[in-house]
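Only one structure is covered here, and it is reproduced in the block below.
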Amino acid sequence: MSRPELKNDRFLRALMREPVDVTPVWMMRQAGRYLPEYRAVRESAGGFMDLCTNPELACEVTLQPLERYNLDAAILFSDILTIPDAMGLGLYFETGEGPRFKKTVRTEADVNALPVVDPLKDLTYVVDAVATIRRELNGRVPLIGFSGSPWTLATYMIEGGSSRDFKLAKGMLYNQPEVMHQLLEKLASSVAAYLNAQIEAGAQAVQIFDTWGGALGHAAYETFSLNYMQRIVEQLIPEAEGRPVPVILFTKGGGVWLEKIAATGCHAVGLDWTVDIGQARSRIGDKVALQGNMDPAILRTSAAAIEAEVERILASFGAGCGHVFNLGHGITPDVNPAHAGAFIDAVHTASAQYHRK
């Protein structure tokens, strides 16, 4: 199937460390509750999962921020917990409580009972959403697909939802490491198949969100999180539509492991706001691109403060290619949409000087 030529490819070029005219920018959670038009569609859909499982509505909210802002990429509207839900755990959302599961995974028997997900059968609504979004984008900007990391998915499956201390997940990791490895292996196989299905449906780059990798001890992170992300990277379709499909790995709290993350074979490392991007570039920037990394809290301040922080981060990275500007985590629901616009415009305006030949 032929698709329209990509009109703006600076995001993909930056991920491959190729020259661009300005630094590309997108935001994690850019389709979300800070936008009144998103809230209206979510309310009419009946709930968050009703929105996620409707490809047409998922497409509509994916495109909403592109109608407001001069973004350089769209990201699939979905949730990182679709895989555990497809495994039969019963994902639901309680107001003010975040995601919850009706069933948990806490024993070897629980792990053995889990299927490996077939995305074409079990997650057709996501695959259909990707195809629909690509069609409606009509080559405007690239589309990012994504998944949660095996470790991050495992924490929700074991705890039954969000956790502050990961007591149960870490208990399994240290008391029954072989059971944890069995769970992570199933999740890695499922994530690889899921991301490949997204690529085949039209995703032009993919990101793995390792939201809770930074909660692990040093050795445990490498063994139980990074190891499985590397396995996924090795299984992903490397090229589609005549160009590479870049892979971004984002571990929140992962600054201490940057060199090891960069060595997985990924194309870019996502940075949270605790890392100085100039230092990160000196450590790994000749091997991979960097994505990040403004503190989302700054979007609650003023346009002047936002512009100053954008300029500081750009100066820290310095001249040359290999930077995708983003927040250090997702945009929060209380942000004024005008401030998000000021952020995006500031990146494009202030970055041009760093890309002159």
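Just so you know, residue 1 is the first one in the sequence shown, and it goes up from there.
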When you look at Phe209 and Ser149, which way does the side-chain contact (heavy atoms from CB on, under 4.5 Å) test go after all the steps?
CA-CA 6 Å; Phe209 285 87; Ser149 72; over 6 Å; no

Taking side chain as C-beta onward, heavy atoms only, is Glu222 less than 4.5 Å from His218?
yes

Taking Tyr125 as the starting point, is it possible to reach Leu57 by hopping between hydrophobic residues whose side chains are less than 4.5 Å apart?
yes

What I want to check is whether the side chains of Thr82 and Asp85 have a donor and an acceptor closer together than 3.5 Å.
no

The test is side-chain contact (heavy atoms from CB on, under 4.5 Å); show your working for Met180 and Lys170 and say whether it passes.
CA-CA 9 Å; Met180 179 61 83; Lys170 289 188 175 184; over 6 Å; no

Without hydrogens or angle criteria, can the side chains of Asn70 and Asp345 be said to hold a donor-acceptor pair below 3.5 Å?
no

Would you say that Leu137 contacts Leu66 through its side chain, given a criterion of any heavy-atom pair below 4.5 Å between the two side chains?
yes

Side chains of Trp151 and Tyr221 only: does a donor on one sit below 3.5 Å from an acceptor on the other?
no

Please check if Leu236 and Phe146 belong to a single hydrophobic cluster, counting links between Ile, Leu, Val, Met, Phe, Trp and Tyr side chain heavy atoms closer than 4.5 Å.
yes

Charged N to carboxylate O under 4.0 angstrom, Arg231 versus Glu234?
no

Once you measure the plane-to-plane angle for Phe325 and Phe343, does it fall in the parallel (<30°), tilted (30-60°) or perpendicular (>60°) bin?
perpendicular

In sequence, state the C-alpha distance, the side-chain angles, and the governing distance for Asp21 and His355, and then conclude on side-chain contact (heavy atoms from CB on, under 4.5 Å).
CA-CA 6 Å; Asp21 55 337; His355 298 283; 5.8 Å; no

For side-chain contact (heavy atoms from CB on, under 4.5 Å), just list the numbers for Asn138 and Lys7, CA-CA rounded to whole Å, side-chain angles, deciding distance to a tenth of an Å, and then say yes or no.
CA-CA 9 Å; Asn138 195 33; Lys7 301 176 182 71; 4.2 Å; yes

Would a hydrophobic clustering, with Ile, Leu, Val, Met, Phe, Trp and Tyr connected at side-chain separations under 4.5 Å, put Trp273 with Ile331?
no

With clusters defined by side-chain heavy atoms of hydrophobic residues (ILVMFWY) lying less than 4.5 Å apart, directly or transitively, does Phe166 cluster with Leu168?
yes

Could you tell me whether Phe317 and Tyr354 have their ring centroids closer than 6.0 angstrom?
no

Determine whether Leu327 and Arg29 make a side-chain contact, defined as any pair of heavy atoms from C-beta on separated by less than 4.5 Å.
no

Tell me, with the steps shown, if Tyr174 and Phe224 meet ring-ring contact (aromatic ring centres under 6.0 Å, His included).
CA-CA 11 Å; Tyr174 290 113; Phe224 293 95; 7.4 Å; no

